[in-house]
Amino acid sequence: MQGEALMVTFTSSLDLTPSQVEQVLRLAALAPSLHNAQPWRFRVLPHLIELHADPTRRLAAADPQDRELRLACGAALFNLRLALEHAGVRPVVTLLPRLSAATTVAEVRSGGRVQPDAETTALHEAIPRRHSHRDPFRDVPVSAEHRQFLRTAAHRERAWLHIVEPAERGVLEGLIHRAHRAQMADPRFRAELAAWTGRPDDAAEGVPARAAGPAPEAQDQWVHRDFSAGQASRSPGTRFEAHPLLVVLCTQHDDRSSHVEAGQAVERVWLTATSRGLVASMLSEVVEVPETREELRALLGQDRHPQALLRIGHGTPSVPAPRRDIGDLLLDTDDAS
Ligand SMILES: Cc1cc2nc3c(=O)[nH]c(=O)nc-3n(C[C@H](O)[C@H](O)[C@H](O)COP(=O)(O)O)c2cc1C
């Protein structure tokens, strides 16, 4: 709990010192998660670090199947891999996403020593600089070179990045509007959103009002969800960029492992964007509502499963969202999984 003095003792693992272990877990926990619920925990053993989903942080209205919960855990896993590599440990990952029976998402062991390459170093440096950027972007297009880097990043994690073509924007816009209306018509969704957003500055979880971006307006094409719980200063006529880069991250399958892989891919794409001076936010309503997700899948064709929609562009640095105390994320070595 925040505010309580926690006496957490970190232990050595994978040949890392206790303070190195603390640092790699701290970086893992900087991953993005729906409503900043931070649905992950870690168990540290001498030869192994386990990543667990935290079922008490499920978002039952927005994410009833836990797809986005697994995606968030995948993003934390990607940060953990990067942090280990940066500390000189080659991570060997086994995915175990059997959420219904056990909470273990992945086990990470050491595959020996490794010298981090330039890309690992750049992505690692980007971890604390990556934030959700909900403000309008500058009207500067994302270059073809940058788009290619983003596509490659997704491929490296066995995912596929569909860059939304101008001809597809109208249909996508319609789907997002429909999904948003469907969610906002559901009192359970509204209550859940209100509980996790517009949080005070000293909250350790949820989306703080200061990171909410401007209050959405009726004419906004892409940004609808109000993360400020009605508190954002309404600046009439706030203009969002006319042509953001919209990308849909897709996977070949749609099982539990695919969701964890999608999370790793989202984080590699987002950190690649950050390392190259771009900013991003997620627009998830269209992939959360089953009907619009299915229509988006049909629009993309080729039997790919859409897992996340991101808006990427050029903008000024945004505000970091808070994180829970790292001590609250540790499972005892004898806790049942
Ligand atoms: C699966 C998933 C879905 C998300 N959906 C949205 C979204 O629809 N709109 C949004 O603004 N942010 C969305 N986010 C971003 C989170 O709100 C954000 O990661 C969290 O508040 C922590 O802030 P940070 O990204 O700045 O670290 C999503 C994140 C994840 C992992």
Side-chain angles (χ1 to χ4, degrees), residues 27 30-32 71 74-75 78-79 81-83 85-86 116-173 176 211 213 220-223 239-252 261-284 286-287 296 299-300 302 304 306-321:
L27 289 172
L30 290 181
L71 205 141
F78 184 72
N79 282 5
R81 283 168 47 198
L82 272 183
E85 237 176 290
H86 190 260
D117 61 15
E119 192 193 359
T120 301
T121 304
L123 297 183
H124 178 264
E125 279 174 6
I127 294 176
R129 291 189 288 112
R130 183 214 57 79
H131 308 301
S132 292
H133 190 101
R134 300 188 182 88
D135 287 310
F137 296 166
R138 292 202 299 275
D139 257 329
V140 177
V142 174
S143 69
E145 189 193 15
H146 278 150
R147 290 168 191 230
Q148 193 47 45
F149 280 123
L150 300 174
R151 273 203 200 96
T152 305
H155 274 150
R156 296 268 312 265
E157 299 301 320
R158 298 156 50 91
W160 178 65
L161 202 65
H162 176 86
I163 296 193
V164 176
E165 299 291 336
E168 295 167 329
R169 285 179 185 218
V171 180
L172 180 60
E173 196 185 339
I176 294 176
D220 293 337
Q221 264 181 304
W222 308 109
V223 179
R239 281 182 61 84
F240 277 84
E241 67 283 0
H243 302 294
L245 173 65
L246 296 164
V247 299
V248 186
L249 188 123
C250 305
T251 50
Q252 196 181 355
E261 283 175 357
Q264 295 179 81
V266 163
E267 187 66 344
R268 187 185 274 272
V269 168
W270 204 335
L271 292 177
T272 300
T274 307
S275 73
R276 296 187 177 270
L278 300 168
V279 297
S281 66
M282 290 180 73
L283 304 170
S284 300
V286 70
V287 289
L296 178 60
L299 179 73
L300 300 176
Q302 298 184 49
R304 315 265 173 145
Q307 303 290 358
L309 171 64
L310 285 96
R311 161 182 165 257
I312 301 179
H314 294 271
T316 45
S318 48
V319 192

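Scanning all heavy atoms of the two residues, the minimum distance from R156 to E119 falls at NH1-OE1, 2.7 Å. The two residues P128 and L30 have their closest heavy-atom pair at CA-CD1, 4.0 Å. Here the closest non-hydrogen pair linking A262 and L71 is CB-CD1, 4.2 Å. Considering every non-hydrogen atom in both A265 and A154, the closest pair reads CB-O, 4.4 Å. For S275 against A122, the heavy-atom pair with the smallest separation is CB-O, 4.0 Å. Between L27 and A83, the closest heavy-atom pair is CD1-CB, 4.0 Å.
Evaluation of the side chain to side chain contact (heavy atoms under 4.5 Å, CB included) rule for R169 yields V164, W222, H243, P244 as partners, not counting sequence neighbours. Take F137 and apply the ring-ring contact (aromatic ring centres under 6.0 Å, His included) test, not counting sequence neighbours, and it matches H133. The side-chain hydrogen bond (donor to acceptor under 3.5 Å, both in side chains) check on R276 picks up nothing, with sequence neighbours excluded. Partners of A321 under the side chain to side chain contact (heavy atoms under 4.5 Å, CB included) rule, at least two apart in sequence or in another chain, are N36, P208, R323. Partners of H131 by ring-ring contact (aromatic ring centres under 6.0 Å, His included), not counting sequence neighbours: none found.
The structure places CG of L271 at 11.5 Å from OG1 of T120, a figure rounded to the nearest 0.5 Å. In this structure, CD on Q148 lies 8.0 Å from CD1 on I163, to the nearest 0.5 angstrom. The distance from the CZ atom of R268 to the OG1 atom of T152 is 10.0 Å, given to the nearest 0.5 Å. Expressed to the nearest 0.5 Å, how far CG of L278 lies from CZ of R147 amounts to 10.5 Å. Interatomic distance, NE2 of H162 versus CZ of R151, reported as 9.5 Å (0.5 Å rounding). To the nearest 0.5 Å, the span separating CD on E261 from CD on E157 amounts to 8.5 Å.
You'll find the side chain of D135 stays beyond 4.5 Å of the side chain of V279, heavy atoms only. At least one side-chain heavy atom of L245 sits less than 4.5 Å from a side-chain heavy atom of L150. Counting only heavy atoms from C-beta outward, the side chains of L309 and L296 never approach each other to under 4.5 Å.
The side-chain hydrogen bond (donor to acceptor under 3.5 Å, both in side chains) test with T251 is passed by exactly one of R304, R158, Q307: Q307.
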Stepwise side chain to side chain contact (heavy atoms under 4.5 Å, CB included) check, S132 with W270
CA-CA 10 Å; S132 292; W270 204 335; 3.4 Å; yes
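Pairs engaging residues 123-132 under the salt bridge (charged side-chain N to carboxylate O under 4.0 Å, His left out) rule: R130-E267 [sequence neighbours left out].
Aromatic ring pairs are classed by plane angle as parallel below 30°, tilted from 30° to 60° and perpendicular above 60°; the pair H124 and H86 is parallel.
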